[in-house]
Number of protein chains: 2
Amino acid sequence: MLLSKSCVYGLRASLYLAAREQGEFIPIRNMSDKLEISFHFLTKILQQLTAEGILESFKGPNGGVRLKKSGTEVQLIDIVLAIDGPQLLTECALGLPGCGVKNPCPLHDKWAETRDAIHEMLEKTTLTELVHKGKTENLRLTTDGGFDILFDN
Amino acid sequence: MLLSKSCVYGLRASLYLAAREQGEFIPIRNMSDKLEISFHFLTKILQQLTAEGILESFKGPNGGVRLKKSGTEVQLIDIVLAIDGPQLLTECALGLPGCGVKNPCPLHDKWAETRDAIHEMLEKTTLTELVHKGKTENLRLTTDGGFDILFDN
DNA sequence: GTATTTTAAGATAAAAGAGTCTCAATAATA
DNA sequence: TATTATTGAGACTCTTTTATCTTAAAATAC
Ligand code: SF4
Ligand code: SF4
């Protein structure tokens with residue numbers, strides 16, 4: 001799998017937050033309910049994003065988490081790096097230790113191209129962009145629900 | 001990680017076999033020594049490739065495994081599918097159940113492009129091609145050794 | 001036919017990933 | 001101040017992946 005489960009959950013939650021962006025703190029419990037992700041597990045993942053400065057959190061009643069910057073400024077790669085680390089972009093197909101351009105394996109050239117394609121996609125895509133697409137086309141962030149269901153209250 | 005460890009080992013072993021291709025059976029023990037992979041673990045992986053018809057095996061003295069077809073006819077995708085299955089090419093970024101074109105998530109269009117790039121790379125690359133590149137440029141299949149070291153005896 | 005070399009198959013163990021549970025810390029509110 | 005709502009942090013469990021170990025089956029050679 002390209003991304004870990006934690007990373008996928010982090011992405012989905014970030015999209016959720018970007019879609020609600022009014023500066024309000026959203027309780028993690030709301031998100032875990034709506035996105036059908038275990039509350040405690042999601043909490044841990046969002047703690048990582050908070051630690052990395054992608055989210056900010058607030059404790060107590062009316063607390064929750066929100067994006068620290070505008071969704072237009074958050075690229076998917078930011079979330080992937082925060083949760084899964086850089087392995088996806090540094091390791092590769094044959095996964096030999098200490099590999100890279102100076103000491104490559106036979107797959108390196110081809111793999112490097114593919115890897116760059118992944119990197120570019122993650123780097124050029126912002127949360128806001130996906131949220132806009134999701135809202136106009138009523139796409140889904142969860143098994144059943146489209147954007148309309150997720151945000152109807 | 002894109003590919004499982006098993007899959008990476010399977011790829012490396014297949015490249016090794018393609019590089020020696022003279023129709024001879026190569027004992028798995030040789031490969032596990034040369035490629036620095038646990039013998040028993042590699043054995044299991046190669047059993048999968050044998051079951052999928054990519055390799056053929058022969059028991060007893062002078063036994064071992066070899067490619068069933070010529071290395072020019074084996075694409076990387078064959079090995080990936082045999083070991084990791086089709087998930088890489090069917091699942092995706094947000095990993096929602098039952099997803100696809102008819103019921104996509106907001107990432108689908110972008111992800112589909114990237115996924116196709118991966119697919120195409122794996123589908124268009126043959127073992128022989130990589131072996132040729134590895135031999136002419138003395139690239140490596142293992143931590144230290146280039147092709148020259150691997151096959152000097 | 002017996003010993004030897006090899007793959008096949010399955011049980012077991014260790015490590016990593018995914019998920020759950022408990023309790024502490026913080027903030028609001030009554 | 002006591003209660004409640006919330007995130008933070010850590011211990012714990014479950015599952016999957018990775019790796020090892022043991023025994024069986026097949027083929028060869030003597
Ligand atoms: S040389 Fe390149 S493709 Fe090969 S293992 Fe290293 S990074 Fe991956
Ligand atoms: S809709 Fe496409 S990108 Fe989204 S989860 Fe499904 S296959 Fe992946």
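Order of the sequence lines sets the chain letters (A, B, ...), proteins ahead of strands, with each chain counted from 1. Side chains included, hydrogens not; waters and symmetry mates left out as well; all remaining heavy atoms used.
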C:dC21 C1' sits how many Å from A:R29 CZ, rounded?
-> 12 Å

Closer than 4.0 Å, any side-chain N/O of B:S4 to the OP1 or OP2 of D:dT17?
-> no

Should the pair B:R66-B:E24 be classified as a salt bridge under the 4.0 Å nitrogen-to-oxygen rule?
-> no

From C:dT22, D:dT18, C:dT6, nucleotide with atom closest to B:K59 side chain = C:dT6

On a plain distance test, is the side chain of A:K44 in donor-acceptor contact with the base of C:dG19 below 3.5 Å?
-> yes

Among D:dT7, C:dT5, C:dC21, the one nearest any side-chain atom of A:I28 is D:dT7

Does CD belonging to A:E113 count more than 12 external heavy atoms closer than 6.0 Å?
-> no

How many Å lie between CG on A:L46 and P on D:dA9, as a whole number?
-> 13 Å

Please state whether the phosphate of D:dT18, meaning OP1 or OP2, lies under 4.0 angstrom from any side-chain nitrogen or oxygen of B:Y9.
-> no

Between CZ of A:F58 and C1' of D:dG8 the distance, given in whole Å, is 15 Å

Select base, sugar-phosphate, or nothing to describe what B:F25 touches, counting heavy atoms under 4.0 Å on all strands.
-> nothing

Do the side-chain N or O atoms of A:N30 get closer than 4.0 angstrom to the phosphate oxygens (OP1, OP2) of D:dT6?
-> no

Separation of B:L130 CG from A:C105 SG (nearest 0.5 Å) = 8.0 Å

Hey, are A:T126 and A:T128 close enough side-chain-wise for a donor-acceptor pair under 3.5 Å?
-> no

Taking atom P of D:dT16 as reference, at what distance in whole Å does atom CZ of B:F41 sit?
-> 16 Å

Specify the residues of residues 63-71 of chain A, ordered by number, for which at least one heavy atom lies under 4.0 angstrom from an atom of DNA chain C.
-> none

If we ignore angles and hydrogens, is there a donor and acceptor under 3.5 Å between the side chains of A:R20 and A:Y16?
-> yes

So which nucleotide from D:dC21, C:dA8, C:dT20 ends up closest to the side chain of A:H40?
-> C:dT20

Could you tell me the separation between the CD atom of A:Q47 and the P atom of C:dT26, rounded to a whole number of Å?
-> 14 Å

Whole angstrom value for the distance that separates C1' of D:dT7 from CD1 of A:I45 = 15 Å

Ignoring backbone atoms, establish whether A:S57 has a side-chain N or O less than 4.0 Å from OP1 or OP2 of D:dG8.
-> yes

Does A:K5 place a side-chain N or O at less than 4.0 Å from the phosphate oxygens OP1/OP2 of D:dT16?
-> no

I would like to know whether B:V65 and B:S57 meet side chain to side chain contact (heavy atoms under 4.5 Å, CB included); could you show each step before the answer?
-> CA-CA 4 Å; B:V65 297; B:S57 67; 3.8 Å; yes

For A:S70 and A:T72, does a side-chain donor sit closer than 3.5 Å to a side-chain acceptor?
-> yes

If you check the B:P61 side chain, which of C:dT7, D:dA27, C:dA28 turns out closest?
-> D:dA27

For B:M1 and D:dT16, what is the distance between atoms CE and P respectively, to the nearest whole Å?
-> 17 Å

N or O in side chain of B:S6 less than 4.0 angstrom from D:dT18 OP1/OP2 = yes

Would one find more than 12 heavy atoms of other residues, nucleotides or ligands at under 6.0 Å from atom NE2 of B:H132?
-> no

How long is the line joining CG of A:N62 and P of C:dA30, in whole Å?
-> 10 Å

Hey, is the side chain of A:S38 poking within less than 4.0 Å of OP1 or OP2 on C:dT20, counting only N and O atoms?
-> yes

